[in-house]
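The structure appears right after this line, and notes come after that.
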Amino acid sequence: MPELPEVEVIVKGLKNNILNLKISDLKIINKNLRYPIPNNLETLCKNKKIKNVLRRGKYGIILLNGDEHIVFHLGMTGKFRFSNKLIEKYKHDHILIKFSNGINLIYNDVRKFGSFSIIKNPIDLYNFKNLGIEPFFLEYVEDNLWKKLKQKSKDIKSILLDQGFISGIGNIYASEILYDSNIYPFKKGIKLSKKSFSLLLSSTEKILRKAISKGGVTIKDYRNVTGDLGYFKINLKVYGREGLSCNKCKSLIVKVKRGGRSTFYCESCQKK
DNA sequence: AGCGGAACCTGTCGGC
DNA sequence: TGCCGACAGGTTCCGC
């Protein structure tokens, strides 16, 4: 489901609601997500306080007091919701977290691609999974990324989706970013001009920041923690708009499928 | 080594 | 109306 902007909105929402609260109980309802939820999560979390909630790429990090912390990934359909006294049960609820002030937080995930794990060393919080740089202030790392780009033989869209290059971009924003910078999605990364790459980085930053400010994109079942929809969908320029006309040149947006994933682009604005 | 595609799982939607 | 296949924002694994 969620790419960086959605995870950012969700993490902020969690932080606003659970910072400094004490976990009175955590129950695993179904541990069979992408990976089995660690058995000791329940005992680990009991009576711990929430020190912070952070994001790295598409991962969320719940910092607890003590030496162990929670890292989560929402996969495609992972969601959190709050409930007060009455806990309504829904299909695909997997974790229930009770706080000492009576608030409950529930993790629900239809497709079970999400994951929860425990991380110990705080230093690892930003260096796990070989995640690439966060897509902000990219002008300061442009030279590094340019060198890295030159070692790759993939097309530029695949490179954008590579979490080890820049972290946090997914299938929706990859199309949007390439459209914004007028780059053909299947052009080899190595063939990009420096100028075009520069433009790509500034588009990346621009699009993601704007999406965050709009509350993330809503397609199908995305919700933030308070159940609100994101408002970015009306701002999507190519994703899901096949057959409609390009805002810049009026030709039709096309949809191409490769490796099971759809790519949307304008054939005249994004020339090979 | 690094790439493209399949697999993982469940729900929904469109076509026949 | 009903069934079946295609498709969905994620990562990881496997074979070439």
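Because the structure is a prediction, the values reported are computed rather than measured. Numbers restart at 1 for each chain; the letters A, B, ... are given by sequence-line order, proteins then strands.
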Taking only side-chain nitrogens and oxygens of [X], does any of them come within less than 4.0 Å of OP1 or OP2 of [N]?
X      : N      : value
A:K255 : C:dA8  : yes
A:T77  : B:dT10 : no
A:K91  : B:dG11 : yes
A:S153 : B:dG2  : no
A:H92  : B:dC9  : no
A:K257 : C:dA8  : yes
A:K154 : B:dG2  : no
A:R261 : C:dG10 : yes
A:K129 : C:dT12 : yes

Under 3.5 Å, is there a donor-acceptor pair between the [X] and [Y] side chains?
X      : Y      : value
A:N171 : A:K157 : yes
A:S198 : A:E142 : yes
A:T263 : A:R258 : no
A:N182 : A:K248 : yes

How far, in whole Å, is [M] from [N] if one measures between their [atom1] atoms?
N      : M      : atom1 : answer
B:dC9  : C:dC14 : P     : 15 Å
B:dG5  : C:dC7  : P     : 14 Å
C:dT11 : B:dA1  : P     : 23 Å

Could you check whether any side-chain N or O of [X] sits under 3.5 Å from a backbone N or O of [Y], counting only pairs where one atom can act as donor and the other as acceptor?
X      : Y      : result
A:N108 : A:H92  : yes
A:K150 : A:I190 : yes
A:E3   : A:Y173 : yes

Between atom [atom1] in [X] and atom [atom2] in [N], what is the gap in whole Å?
X      : N      : atom1 : atom2 : answer
A:I172 : C:dG10 : CD1   : P     : 7 Å
A:K112 : B:dC8  : NZ    : P     : 14 Å
A:N130 : C:dT11 : CG    : C1'   : 14 Å
A:D155 : B:dG5  : CG    : C1'   : 13 Å
A:D109 : C:dG10 : CG    : C1'   : 10 Å
A:L74  : C:dA8  : CG    : C1'   : 16 Å
A:E242 : B:dC13 : CD    : C1'   : 14 Å
A:F165 : B:dG2  : CZ    : P     : 15 Å

**Message:** Applying a 3.5 angstrom cut-off to the pairing atoms, does DNA chain C sit in any stems of at least three consecutive Watson-Crick or G-U pairs? List them by first number.
**Reply:**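 Stems (3+ consecutive pairs) listed as B:2-8 with C:10-16, B:10-16 with C:2-8.
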
**Prompt:** Which of residues 31-38 of chain A have a heavy atom under 4.0 Å from DNA chain C?
**Reply:**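 Here the set is A:R34, A:Y35.
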
**Message:** Looking only at the aromatic ring of each residue, does the gap between the centers of A:F72 and A:Y107 stay below 6.0 angstrom?
**Reply:**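 No.
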
**Asked** Pick the nucleotide of DNA chain B nearest each of A:K152 and A:R111; which residue has the one closer to the 5' end?
**Response**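 Mapping each residue to its closest nucleotide by heavy atoms, the 5'-most match is A:K152.
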
**Asked** Hey, is A:F113 doing a stacking thing with B:dC8, by the 5.5 Å centroid and 30° angle criteria?
**Response**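 The base of B:dC8 is stacked with A:F113 (centres under 5.5 Å, planes under 30°).
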
**Message:** What's the closest nucleotide to the side chain of A:K58 if the choices are C:dT11, B:dG11, C:dA8?
**Reply:**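 Closest of the options to the side chain of A:K58: C:dT11.
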
**Message:** If you only use heavy atoms from C-beta on, which nucleotide in C:dA8, C:dT12, B:dC3 is closest to the side chain of A:Y59?
**Reply:**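 Output: C:dT12.
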
**Message:** In this structure, would A:V11 and A:I103 fall into the same cluster of hydrophobic residues linked by side-chain contacts under 4.5 Å?
**Reply:**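 Yes, same cluster.
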
**Message:** Looking at A:K27, I want to see if its NZ is surrounded by more than 12 non-hydrogen atoms of other residues, nucleotides or ligands under 6.0 Å.
**Reply:**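 Result for NZ/A:K27: open.
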
**Message:** If I compare all heavy atoms of A:R56 with all of A:L131, which pair ends up nearest, and what's the gap?
**Reply:**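 Of all heavy-atom pairs spanning A:R56 and A:L131, the closest is NH2-O, 3.2 Å.
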
**Request:** Determine the contact category for A:S262: base if any of its heavy atoms lies under 4.0 Å from a base atom, sugar-phosphate if only primed atoms, P, OP1 or OP2 are that close, otherwise nothing.
**Result:**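 Sugar-phosphate only.
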
**Asked** With nearest nucleotides of DNA chain C determined for A:L161 and A:G260 from heavy-atom distances, which residue corresponds to the more 5′ nucleotide?
**Response**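 It is A:G260 whose nearest nucleotide is closer to the 5' end.
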
